[in-house]
Amino acid sequence: MIKRKQLVLGNKTLVDITNDICEPVESIPKKGWITLFLGAKTLMIFYFGIIGYILANGIGLLGVNHPIAWGTMIVTFVFWIGIGHAGTLISAILFLFRQKWRTSVARTAEAMTVFAVMTAGLFPLLHTGRPWLDFWLFPYPNQRGPLWVNFRSPLLWDVFAVSTYATVSIVFWYIGMVPDFATLKDRAKNKIRKIVYGALSLGWRGTARNWSHYEMVYLLLAGLSTPLVLSVHTIVSFDFAVSNLPGWHTTIFPPYFVAGAIFSGFAMVITLMTCVRIGFPKFKDYITIDHMEVMNKIIMTTGLMVGYAYTSEFFIAWYSGNVYERYVFVNRALGTYGWCYWAMVSCNVLLPQIFWFKKARRSLTTMFIISIFVNIGMWFERFVITVTSLHHDFLPSSWGNYAWSFFDGCILFGSFGMFLTLFLGYLRVFPAISIAEIKTVMHVGKDGGHS
Amino acid sequence: MRFVFGVICLSALLLSGCKFPSLGYNKGYAPEQPIAFDHSLHVAKNNIQCQYCHNQVERSKHSNIPALSTCMNCHLQVATGKPGIIKLREAYDKGESIQWVKVHMLPDHVHFNHSAHLTRGVNCQECHGPIEKMSRVQQYSDLSMGWCINCHRKPENNAPLNCTTCHH
Amino acid sequence: MNSGIAGIFTDEHKVVEAARTVRQTFNSVEAISPYPLHGMEDALQIPRSCIPYVTFVGGLVGMFTGLFITIWTSAYDWPINVGGKPYVSLPAFIPIVFELTILFGALSSVVALAWFCRIPKLNPPIIDPDLSSHKFALFIPTSDKSFNAEQAENLLRQVGALEVKKVSEY
Amino acid sequence: MQEQSTESAPENRPEKIERDTNYWLSLEHYAQDPEFLKLGSQEFASSPLKEGEENAIERRDFLKLMGASIALASTGCLRRPVQKVVPYNKQPEEVTLGVPNYYTSSYSDGVESLGLLIKTREGRPIKVEGNPEHPNNKGAVSISAQASILNLYDPDRLNGPRKNLWNEKRTNKDTVTPKWDAMDDEISAQLKKGSVVILSSSISSPSLRSIVSEFSQGFAAKHLVWDAHSNDQLIRARKMCFGAETLPVYQIDKAKLILSIDADFLATFLTPMAFSKQFSKGRREIEKMSRLVSFDSTFSLTGANADLRYRIKPSQQLDVVMAIFSELEKQHKVVVPAALKNTLDEYRNRISQLNMDGKIFAEIAKDLWENRGQSIVMAGGIATQTEFSEGLFCAVNCLNSILGNEGKTILERPAVASSSFADIKALITSMTAGKVKTLILHKVNPIYHLPESFGFAEALKKVDMVVSTADRIDETSQYANYIIPDNHPLEAWGDSESLEGVISLQQPSIRPLYDSRAFALSLMNWGFIAKMGPKRLLAYETYYDYLRNYWKEDVLPKVAKGQNFDDFWAQALQKGFVGSSRATAGKNSAKLEMLSHYKASESVGPELVLYPTVMMGDGSQTNISWLHELPDPVTKITWDNYASVSIAFAKKNSLSEGDVIELDVNGKKLELPTHIQPGLHDEVIAVAVGYGRTKVGRVANNVGRNSYSLVSDQGIFSGQKVTIKKTSRKEKLANPQGNQSMEGRQIVVEATVAEYQKKKSANIHRHHTWSIWPGQEYNGNKWGMSVDLNSCTGCNACVVSCQSENNIPVVGKKYVLEGREMAWIRIDRYYTGTPDNPEVVFQPVMCQQCSNAPCETVCPVLATVHTDDGLNAMVYNRCVGTRYCSNNCPYKVRRFNWFAWNKKIEAPLNMALNPEVTVRIRGVMEKCTFCVQRIKTVKNTARLENRKIKDGEIKTACQVVCPTDAIVFGDMNDPNSAVSALFKDERAYALLEEWHAAPSVRYLSKIRNNGEEKRHSNSEEHV
């Protein structure tokens, strides 16, 4: 039998764990965090300013046009939604597979999910021509007949999928945090903290019967989240796959999108975790190099999966014998936006291959750089799918190029402002590692401990 | 328990949208007009046909507000001393018009056609209510889309339910 | 509301053993721990949670809600010709039905959790603030059929409780 | 449908004019009163007349709204803003609110005269359509006539007369509004001093011609007619050949072979609308279709429609005709005089330099000879105004003469030759010498149209009094002492005589919007005040009275002798025209000897070609946004003019698209962006005229460059030597069409006549389509449209008509560049064949109203769904703007309101909006719905009359103006309808049929009568 690696280093006691994890929440932030937070917050305020300006003047400020009616907003939406998937994967799917190492990264990964979905969720709402009427997408009784909605539209599926996903992710995340809030409440020295965390903990006490129900619900939510997370990116991929546009109309999209989502999500987890490890050195005992290595293996594997998808698309395009389909793929690689395609291939397929080497898998610097590139590559993947398919479609007369504008850049980078603000805030407000859960695995891999 | 109650309240609120469609509409709007024209006097008492004044309603999508010259057909002789009629006459002589306050207002994207409804045998009263008895005109129906649709979708009316029937 | 006697422990293994012993005398003994303890359910003979049934029913309700709103609105309440497709385009409704199944299932489980755990609760009694960090407790309520304060206290000490407290409220 | 008033409508009828009062200012009539117009617009508020406008009324309304909301707050009710309903004071009899009135009228640009129907709503013209009964245009209507409606509502028009307050040097620009009386007195006093010159463009109105000549008689004034694009050389050549000053009247439908040498008769030459109609008629029956051969030095619309197109440079125009002559001689068809034989020998050497297969001339000559008496050879337009033009026109006349076309396919009508450049030069000389005391300018803009070297501006300052009738302060009228704006043709009475001799009435359809006055009335008034001129000029108080009298005395005897005048007048008003074509067969007497003077000469190096575009014409009516946003039919570029060069030329000079180059034409320089145009001669630089106006209005000021500045002092437009210098700058050209080739896809199907004869559905690859859905059924009507690609000439008239009918916004160059143009119908132009000398196909693409509409399935909010008559409805007010429909539309015909274009419509342009079509706000998708408002109108009319809709009764906006009747609309479910028959035609195919969106539009394949057996294979089509 292979000897298990220790999941928690440094011979921690229960008290140590509680103290270590509560420290960021209970201590006063240091310079580094404050600088980052202010930077992110400024970017977020700028982002909202830009959104306000676009709302006031029209979506035409972005580069969207005829024939490319979807651009940065949808690309970035798919990007963020994809990132969200890693969190659910870690917290739900790995939970079902009894992967104990998930414990120390699950909370933060889930937080990433929630924030990524929040960031992403804004885009489909804002990208419409008249965002103030977005509520028409919900089937609610009305005075128009009533006039309902078109349940055949993938966008409506999106509404249901993304809102369900957001709801379930938040609930799942929150349920996981309830016992920790109780811990924080009990440790709280000042009244306000006591009240706030008391309210958040919902009066959780941790009796054996409660734990019994709790574990059951956690398992159920994990079980429900697993098909949900797969369905969400499947449905997002339906936005494209169900249409009749060459380059979109592909049956491979659901698994391709899900693999890509996990790929990009794990890259983002690596990015964030390397930073968390630097910012909170005590977390190094919980989020060990071993954790990172496992995730890098997943990145490499899913990278190969998207690579397979890219190849398969080309093969099918050729094999279909359809002129439009063939043209789109030739154009994808060699056309105006060929550079995006090759940026995507090198970032997503070629670069992660370095993780075949153990040294690279365990080098924080390498993995940080690779993870950044993977995220760039995955943004380009969505750009390639959305824009290059649209820009040269059926009738050559209506071909066109994306009309890049200043606002496209603002929207893309601004969304990071929003995400990072939320994430940095989270690190200081919520326990970044599940206190209750980590205690159940603290002995894993230790001599004399049981697994 | 409270949760269940909350759900019931919320759905009741939403369903009330169907039940009371006049919410947010102008039903019952009866603005004061520059001249207190009395439909009950002209129609109910004096038995003037609607189309005598609204003479284009059978040909046009609009039901026209009569020109001053139409009023003056009678009021050159009738009730010349009443203050409203004096005001009317002054305007007529000066070549000015009376600025009536519009009661029934549809948004610009709705194209309603009076003549099409009249030829199908829809009475004025079906939409305008007992207008012949109104001293001051008020909006009888709420004129919501649901109100239109519910009449159009009755099978006996055999009316089109296309979006383009009203929106183009 | 419900007072009783609590014994505080610091060792995970001891408390589970203790619980097993105490359960033999006191049927309604309750354990409080900062994290779910392996074997505690067995020790206290807690029956398997019934929440999965709630989830199943919730999921079914969600599924039928989904089927109802899609089919009824598209084909019965106001049938509209959309892209030449039939009024009941069942394959296209599957995603909606699926999502609603998951949503209702998940939310009903959480509601059930709240229901069975009696949360949210204002001002829950605190026997020891460290119970949410590194201590464990066994609690014998006065309402237990065979409650006897002295016996309970002795038993708790016997099984290794570091401290035994009278708790006025539970 | 068409309601023609027999007697003029009271609102249109000019009131009695009292000469001594300030009539125009005192008239407070409702239709003219702007206050009323505003109020009126509120009642019929199916237009955004109110939106965003900040006028006093709205502020008042706002206060009332405030009051109302306070009052209503207690009842807890939400209120929309209070609106007012303002009825007429006296009901005008023929105005039914909400029902359009149609008035017959006419439009003329000097040469072409079109019979029109003006559609008015509540007294304001909203659309210009062709009069289907008019013998010339038969319902076809040109782009400029359609767009003239925006000229009427142009916010940059002068709102009254202006007087310039000159300083000594006439350099300041302060103007005041003078009193009419004082101004008229001053002008007539000045006129009495003599030395009066009237400079006008060609006047097609017989009554105005008569007034001008009577006025000239009275004041001993000289009348100079000068057009920027004149046909004077054509007329002179006919005089030289046939002895009379005439213009040719081509009978294109009677010709089997048309040979055009730079005569763009489908777009700008003489009467393009009538020609297009005839051209399509001659090609409808494919077995007997005519052949069009074009020698093109620009890529003209005619060249694009030619079965055989050859690229030449302007100096070779004469060579081409001579080459045909020599071939005819070689084939012993004609015997030429000895002198000519020598000349022809000279030309024979030149043929080799044409870079063409010599055989083509043999074939053309053979073809011409076989079709003698039923062919036409023509040349004309400014592209033929070279130093060789006289020879060219004479040679063409001789060729037609020996082929026996004169008198058969070519008739003639007397014409008055307009002034040449020499006459203008003489005028300028006498102006400079102070010999002109008063200059009256009518519809001319010499400072714009003449190169600076003519010195017109300087000469103008030497004239004591300059009076202009321009409707704005333009390049020339800024130097006028008085600007007395003429009425817009839609505001005024008038008449016009077409080239063929049909006289049409021009009936006003709205009162003058501003304090303007008809040019004719000005002349009459000045004559009256000065008491000079013949009796008839002084006898009438209004131009309307004069016109009626003129028609009684001059027109009636000519066309309907003996008829009662009142009946005649009523009939004329109702029909819009009187008489029929009066073109006659001329003498077929050209002498071939005369051609021997025109010796061949060498021309080496790049040459300039100036050409007019179908949108801008000579640039006189350019402050119209529709015209600027309309893509050029061939290059598809909007909002600019540019120097078109061939691919080889660009390669040689290392030019790429958009590089700014400096043209140097005998020292006259102009900087223009480069456009690389396939199919140009390698030594040609083609530049459109009509751009680069500097003082015309906010739309057109400084759009493009004024290429009239390159015209030589001798009035030579084309064929001048040009050198280029590349600058370092680059300018983007806004071309809404993305790709110029079909990339080998089945989009426009073409076949040759030979192929067609073998198999009617030649080259159409039909697909087997299959669906898992049974599809929806349509039991009533199901609307469909067929587009005959063999008829369509790509002239763009439908695009403008659609824009006018459907209130389609204009976005401007910046947004066209960004791909935000809004046209609901676009004409795709593809090049096929070799890049150097490609052929062109056109394809109008509008929403295909697919039965399995991909757009509908993906709309989340049901904003686009199907109606029970098979339309793909678009509900603007339901749209939230996800734009998914556009992504999923294989034809990309959906247009999105990226910004609030509707807010850019400034008063009074909003009066041109069609109240039947909702003006779209920001953030909604829009598209063609087969003019559903027209369908609805006809449906309602049919129901009112308790009958069924007749086939052909509904005409879509694109269909109604189409000069070639390429578009047919009707009920697909009716087996007897025209459209059903066309759907069954073997040439019919659906665009992207294999995608099985099941469109309701069918295209009929294009047939090329080029004598070839087979089309070149599609896979080669890469340009």
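So that the names make sense, note that chain A is the first sequence line, chain B the second, and so on, each numbered from 1.
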(request) Output the option from D:Pro890, D:Pro854, D:Pro736 having the highest count of non-hydrogen pairs under 4.5 Å with chain A. (result) D:Pro890
(request) Sort out for me which of D:Val924, D:Val845, D:Val865, D:Val858 touches chain A most, counting heavy-atom pairs under 4.5 Å. (result) D:Val858
(request) Below 4.5 Å from any heavy atom of chain A, which atoms of D:Glu856 appear? Answer side chain, backbone, both or neither. (result) backbone
(message) Going by ring-ring contact (aromatic ring centres under 6.0 Å, His included), A:His66 matches just one of D:Tyr815, D:Trp898, D:Phe896. Which one?
(response) D:Trp898
(message) Can you give me the closest heavy-atom contact between A:Asn150 and D:Thr857, atom names plus distance?
(response) ND2-O, 3.0 Å
(request) With a 4.5 angstrom heavy-atom cut-off, could you sort out which part of D:Ser886 is near chain A: side chain, backbone, both or neither? (result) side chain
(message) Can you give me the closest heavy-atom contact between D:Arg922 and A:Ile54, atom names plus distance?
(response) NH1-O, 4.1 Å
(message) Let me confirm one number: the CG-OH distance from A:Asp158 to D:Tyr884, rounded to the nearest 0.5 Å.
(response) 8.0 Å
(message) Which atoms of A:Val64 are under 4.5 Å from chain D, going by heavy atoms: the side chain, the backbone, both sets, or neither?
(response) both
(message) So if I take each residue of residues 394-407 of chain A and look for any heavy atom under 4.5 Å from a heavy atom in chain D, which residues do I end up with?
(response) A:Phe394, A:Leu395, A:Pro396, A:Ser397, A:Ser398, A:Trp399, A:Ala403
(request) Against chain A, label D:Leu862 side chain, backbone, both or neither, depending on which of its atoms sit under 4.5 Å from a heavy atom there. (result) both
(request) Against chain D, label A:Phe135 side chain, backbone, both or neither, depending on which of its atoms sit under 4.5 Å from a heavy atom there. (result) neither
(request) Measure the CG-CZ distance between A:Leu133 and D:Arg878 for me, rounded to the nearest 0.5 Å. (result) 9.0 Å
(request) Rounded to the nearest 0.5 Å, what's the gap from CD1 on A:Ile59 to OG1 on D:Thr882? Could you check? (result) 11.5 Å
(request) Return the option, out of D:Gly738, D:Cys889, D:Pro860, with the maximum number of heavy-atom pairs under 4.5 Å with chain A. (result) D:Pro860
(message) Is A:Trp157 close to chain D through its backbone or its side chain, or both, or neither, when contacts mean heavy atoms under 4.5 Å?
(response) neither
(request) Classify the angle between the aromatic ring planes of A:Tyr324 and D:Trp995 as parallel (below 30°), tilted (30 to 60°) or perpendicular (above 60°). (result) perpendicular
(request) Could you tell me which portion of A:Phe138 (side chain, backbone, both or neither) has an atom closer than 4.5 angstrom to a non-hydrogen atom of chain D? (result) neither
(request) Write down the atom of D:Gly819, the atom of A:Asn65, and the distance for their closest heavy-atom approach. (result) O-CB, 3.4 Å
(message) For the CG atom of D:Asn887 and the CG atom of A:Asn244, what is their distance to the nearest 0.5 Å?
(response) 10.0 Å
(message) If I measure from the heavy atoms of chain D, does A:Leu125 come under 4.5 Å with its side chain, its backbone, both, or neither?
(response) neither
(message) Quick check on D:Arg894 against chain A: is it the side chain, the backbone, both or neither that has a heavy atom closer than 4.5 Å?
(response) backbone
(request) Can you tell which part of A:Asp239 gets under 4.5 Å to a heavy atom of chain D, answering side chain, backbone, both or neither? (result) both
(request) Provide the closest heavy-atom pair for A:Arg130 versus D:Ile921 in the form atom of the first, atom of the second, distance. (result) NH1-CD1, 3.4 Å
(request) Look at atom CZ of A:Phe48 and say whether more than 12 heavy atoms of other residues, nucleotides or ligands are closer to it than 6.0 Å. (result) yes
(request) Flag the one option from A:Val159, A:Val149, A:Asn322 with the top tally of heavy-atom pairs under 4.5 Å to chain D. (result) A:Val149
(request) Can you measure from CG (D:Asn888) to CZ (A:Phe240) and round to the nearest 0.5 angstrom? (result) 12.0 Å
(request) Please round to the nearest 0.5 Å and tell me the distance separating atom CD1 of A:Ile68 and atom CZ of D:Arg883. (result) 12.0 Å
(request) Would you mind checking which part of A:Leu62 comes under 4.5 Å of any heavy atom in chain D, side chain (CB onward), backbone (N, CA, C, O), both or neither? (result) backbone
(message) With a 4.5 angstrom heavy-atom cut-off, is it the side chain or the backbone of D:Leu991 that approaches chain A, or both, or neither?
(response) side chain
